[in-house]
Amino acid sequence: KFVQPGIRDIGPISAIDAKTFTVNGVEMIIIVGIRPDGTMFYTWVTVSSTGLNVWDSVITIDGSSPAAGEPSLANTRDKSSLTLAYKGTDNVVRTRGFTGHSWSPEQVVTVGGQPVAVHPNTSPALAFVYLPLGLVAGQEHMIGAFTDPQGFIQLYAPQLPGSRWGRIPIPYDQMYSPVGRPVMAWAPGPGDGGVMTTLGATASTS
């Protein structure tokens, strides 16, 4: 059920995202936001023994390029790994990982040695899924849904080692969505099989 709403003043915000994360066995909600001046911040919420929401400090995410659009957070099934994706004011996609205490250095997403840029009216999206992408069966993989400058959603995954990304080697139909941030969800099935759903939005001309 939904609990009573609470109010927390964290200053001016252009966009936010939130995901659960576990640190030393304590589950919390991590919230990342982009401010109107392009800076990013994060804070977190835990639940006290009496069921009250406890907010922690609001902390600036240092070392990030000026951000725009909407941030995207993705976590693994066991909530032990958290990754942030966002675009800069140049529309190039960046990522950072959260350790529970700090953020890893900013990395520009590249494919074929070139930075990945998204449509200016869109934002990048991330999700962890069990698609058969690697050599190890039943392993989670991070997927990025990045809308190209022509307005079509392209699906990418990191290629280890390094920070290179590549298009996922699984056929998918063209998805035209020249506005907003794609939404991805994974519905697990037997033996970590299942279905990944990707949704986008189209601009209205009416």
Side-chain angles (χ1 to χ4, degrees), residues 2-49 51-110 115-118 122-129 140-147 156-158 163 165 180-186:
F2 288 98
V3 299
Q4 288 295 110
I7 297 175
R8 165 72 164 166
D9 185 0
I10 53 179
I13 302 171
S14 294
I16 62 170
D17 198 10
K19 280 289 185 295
T20 51
F21 188 69
T22 300
V23 179
N24 297 326
V26 178
E27 188 174 42
M28 60 187 67
I29 299 174
I30 304 293
I31 298 159
V32 170
I34 298 176
R35 299 202 186 279
D37 64 0
T39 60
M40 292 197 299
F41 69 90
Y42 75 104
T43 185
W44 60 96
V45 184
T46 55
V47 179
S48 70
S49 58
L52 297 176
N53 289 337
V54 179
W55 289 79
D56 215 292
S57 304
V58 177
I59 303 172
T60 300
I61 303 178
D62 293 324
S64 295
S65 300
E70 301 176 73
S72 179
L73 290 168
N75 58 359
T76 53
R77 183 184 295 184
D78 64 4
K79 303 172 186 175
S80 66
S81 181
L82 187 71
T83 303
L84 165 67
Y86 54 97
K87 70 174 184 179
T89 52
D90 57 1
N91 295 317
V92 171
V93 180
R94 279 98 168 162
T95 62
R96 300 185 74 158
F98 187 60
T99 66
H101 304 285
S102 62
W103 294 90
S104 64
E106 177 180 271
Q107 289 189 338
V108 172
V109 173
T110 62
V116 173
V118 294
T122 68
S123 298
L126 291 181
F128 280 93
V129 302
E140 281 184 291
H141 298 276
M142 186 164 59
I143 299 294
F146 309 144
T147 304
Y156 297 94
S163 60
W165 290 58
R181 184 184 67 190
V183 175
M184 291 187 290
W186 173 254

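FYI, side chains are in, hydrogens and waters are out, and symmetry mates aren't considered; it's all heavy atoms of this structure.
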Heavy-atom closest pair (Ala68 atom, Ile34 atom, distance to 0.1 Å) is O-CD1, 3.7 Å

Between CH2 on residue Trp165 and CE on residue Met142, distance to nearest 0.5 Å:
4.0 Å

Has the side chain of Arg35 got a donor or acceptor atom that lies under 3.5 Å from a matching backbone atom of Gly33?
no

Please check: side-chain N/O of Arg94 versus main-chain N/O of Tyr86, any donor-acceptor pairing under 3.5 Å?
no

How close do Leu126 and Gly144 get, counting heavy atoms only, and between which atoms?
CD2-CA, 3.9 Å

Which atoms form the tightest heavy-atom contact between Arg96 and Ser104, and what is the distance?
NE-O, 2.7 Å

When you measure from the side chain of Lys19 to the backbone of Asn75, do you find a donor-acceptor pair of N or O atoms at a distance under 3.5 Å?
no

Within this structure, what is the CD1-CG distance for the pair Ile31 and Leu73, rounded to the nearest 0.5 Å?
10.0 Å

State, yes or no, whether a side-chain contact exists between Val32 and Asp17 at a heavy-atom distance under 4.5 Å.
no

Rounded to the nearest 0.5 Å, what's the gap from CZ on Phe146 to OG1 on Thr122? Could you check?
10.5 Å

Of all residues at least two apart in sequence or in a different chain, which pass the ring-ring contact (aromatic ring centres under 6.0 Å, His included) check with Trp44?
Tyr42

Arg181 and Ser72: side chain donor to acceptor below 3.5 Å
no

Testing the basics here: between Ser123 and Gly69, what is the closest heavy-atom pair and its distance to 0.1 Å?
OG-CA, 3.4 Å

Heavy atoms only: give me the nearest Ile13-Pro36 pair and the separation to one decimal.
N-CD, 4.1 Å

How long is the gap from CE on Met40 to CD1 on Ile59, to the nearest 0.5 Å?
13.5 Å

Check this for me, if you would: do Glu27 and Lys79 make a salt bridge, where the nitrogen-to-carboxylate-oxygen distance has to be below 4.0 angstrom?
yes

Between the main-chain N or O of Ser65 and the side-chain N or O of Glu106, is there a donor-acceptor pair closer than 3.5 Å?
yes

How long is the span from the OG1 atom in Thr110 to the OH atom in Tyr156, to the nearest 0.5 Å?
11.0 Å

Leu84 side, atom CG; Ile30 side, atom CD1 - distance, nearest 0.5 Å:
11.5 Å

To check you understand the geometry: which heavy-atom pair defines the closest contact between Thr89 and Ala67, and what is its length?
CG2-O, 4.2 Å

